[in-house]
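Whatever order the structure lists ligands and atoms in, that order sets their numbers, starting from 1.
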Amino acid sequence: MTTPQHGDDFLHEMRRRSAAEGGVFWVEDDLLALFDPAAARAVSGANWRHLVMHDRFVDMVRRRPSAEMRWTRIRGAWLAQLHRLTTAEGNARALARMRQTADARLGTDVDLVMLAQDLAVRALLPVALTGLTARERAYVVEDLDQKLSRLIALRPRRGPRQRAHFVAVQIRAGLVVRRVLRRRASGRRPRELDLADPVVDLLPELGMDRALDVVTAVLTAIAGPPGAAAAGVLYELARQPAWAARLAAELGAVDEAAFCASPVRTAPVTHRFVMEALRMWSPPLLLMRRARRRFDLGEVTLREGQGYLLSPHMIHRDARHWDRPDVFDPDRFLPGAPHGPRDRNCYVPFGWAPKNCVGADLGTVHLMLLCYLMATRYRLAVPGIATVTMAFRFAPVPQHFRGTLTRA
Ligand code: HEM
């Protein structure tokens, strides 16, 4: 997933042009903005159909063909594993991990963006890759943290020393993944219920380099968007006291075990709140893709090799598709609400088939678990919340968003 870096001015300009030019326009000579919901869906669908992984490095060197690996096969293996993972027990374990992470910050002034990232990543890492030693885990977490700070930083430091350090940390984390896969394959480590595990069965066809790419794709996917979405949820909880009270009433009345078994059914108001937070502040803001074939889009032609930009955020904030798009109102997701999505193409926080997010359900549930903790266990005080604004980095990031968690 490519997430270009940009600033507030760029985003505002994209929004202005999208409104004026109907959602499809050239940003640069070779880069087309596809912020029209139907066009985004159609191009994504056709562009990634029959996607296969690149050849193995060793085969490229030896100039021989690699075993073909369709991307849908990898996705199918992830989705099957996620189905096994997303259970009442899995949710209860994630809740316990979030509780432990938040308890460690009780009573001190904290950066809530970083807290949100920590809560998300610590709850999700065991879903992606588990059974690590403390040292291996530290190496992997350091790599995830450094990638995240690059995405969030206002001005990332990019000198030669920083670059060398970045690469060294990345390689060390990659070696951990390779070792884990090798040992699971040879029986020296037990198989685990995580998203890395299906890759062990595919190792003979994938080869180690491509296997590492697959596991890295999951690790990268859990390191950015889930934490950014969690920051959006904390931001709205802090600045919408009336909604925070509605959530507290709903979540205070549910039984924890029943909530973990079926969050969406037992807490529909919380579900709507999370959906609306994802509409308002969906990460990543922009996805850059390359056309793998030619597309004729009415007056515009996108040629093979040219780039295009997709953006859930642009679609979610477009007044052609949403009534009062800048107003936070979870009730727009009530069935039949007049200010709800115009059609199914207009609500796309998890992207577009066939490359849409495999963790959509789990990501939503984890955001609901976060709401549960905030409503039942903690009190969040954010001095000056009315002055906290969103900056546009790889995702919307609340600026100077600091506060204190205490026990409720
Ligand atoms: C609220 C949290 C999350 C958000 C907002 C989010 C958002 C996204 C988006 C926008 C994409 C790109 C889709 C496209 O290219 O059309 C994506 C891809 C992906 N996400 Fe998520 N995601 C979240 C949570 C998760 C979780 C929890 C997991 C794993 C457990 C996950 C795994 C992935 C993977 C593996 C991909 C790449 C899929 C592919 O290339 O086929 N995501 N996500």
List every atom of ligand 1 that sits less than 4.0 Å from any heavy atom of [X], numbering the atoms from 1 in the order shown and giving each element.
X      : value
Pro284 : 10 (C)
Leu124 : 27 (C)
Pro225 : 4 (C), 6 (C)
Arg289 : 14 (C), 15 (O)

Ion pair [X]/[Y], N-O distance below 4.0 Å:
X      : Y      : result
Arg332 : Glu276 : yes
Arg41  : Asp36  : no
Asp197 : Arg84  : no

On a heavy-atom basis, I'd like to know which of [options] is closest to [atom].
atom                     : options                        : answer
atom 29 (C) of ligand 1  : Leu362, Val233, Leu287, Ile222 : Ile222
atom 32 (C) of ligand 1  : Ser44, Ala230, Ala221          : Ala221
atom 21 (Fe) of ligand 1 : Ser311, Cys357, Ala40, Ala360  : Cys357
atom 7 (C) of ligand 1   : Pro349, Ala123, Ser282, Gly351 : Pro349

Looking at Trp352, I'd like to know if the NZ or CZ of Arg344 sits under 6.0 Å from its six-membered ring centre while staying within 45 degrees of the ring's axis.
no
Looking at Phe333, is Arg272 sitting on its ring face, NZ or CZ under 6.0 Å from the six-membered ring centre and within 45 degrees of the normal?
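The answer is no; the distance or angle limit is not met.
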Does even one non-hydrogen atom of Trp48 get within less than 4.0 Å of ligand 1?
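For ligand 1, residue contact (heavy atoms, under 4.0 Å) with Trp48 is absent.
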Check: [X] N/O within less than 3.5 Å of ligand 1 N/O:
X      : result
Arg75  : yes
Lys355 : yes
Trp71  : yes

Step by step, would you call Glu236 with Trp281 a side chain to side chain donor-acceptor pair (under 3.5 Å)?
CA-CA 10 Å; Glu236 292 300 352; Trp281 308 117; 2.7 Å; yes
Would you say the side chain of Trp243 lies within less than 4.5 Å of the side chain of Asp329, judging by non-hydrogen atoms?
yes
Do Cys346 and Pro37 make a side-chain contact, defined as non-hydrogen atoms from C-beta onward lying under 4.5 Å apart?
yes
Report the part of [X] (side chain from C-beta onward, or backbone N, CA, C, O) that has a heavy atom under 4.0 Å from ligand 1; answer both or neither where that applies.
X      : result
Leu310 : neither
His366 : neither
Ala229 : side chain
Leu195 : side chain
Pro312 : neither

Taking the six-membered ring where the residue is Trp, are the ring centres of Phe328 and Phe273 under 6.0 Å apart?
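Ring centroids of Phe328 and Phe273 are less than 6.0 Å from each other.
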Can you pull out every side chain to side chain donor-acceptor pair (under 3.5 Å) where at least one residue sits in residues 117-131? Sequence neighbours excluded, please.
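Of all non-adjacent pairs touching residues 117-131, those that pass side chain to side chain donor-acceptor pair (under 3.5 Å) are Arg105-Asp118, Asp118-Arg122.
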Any pair counted as side chain to side chain donor-acceptor pair (under 3.5 Å), so long as it reaches residues 16-27, sequence neighbours left out
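Matches after skipping sequence neighbours: Glu13-Arg16, Arg17-Glu21.
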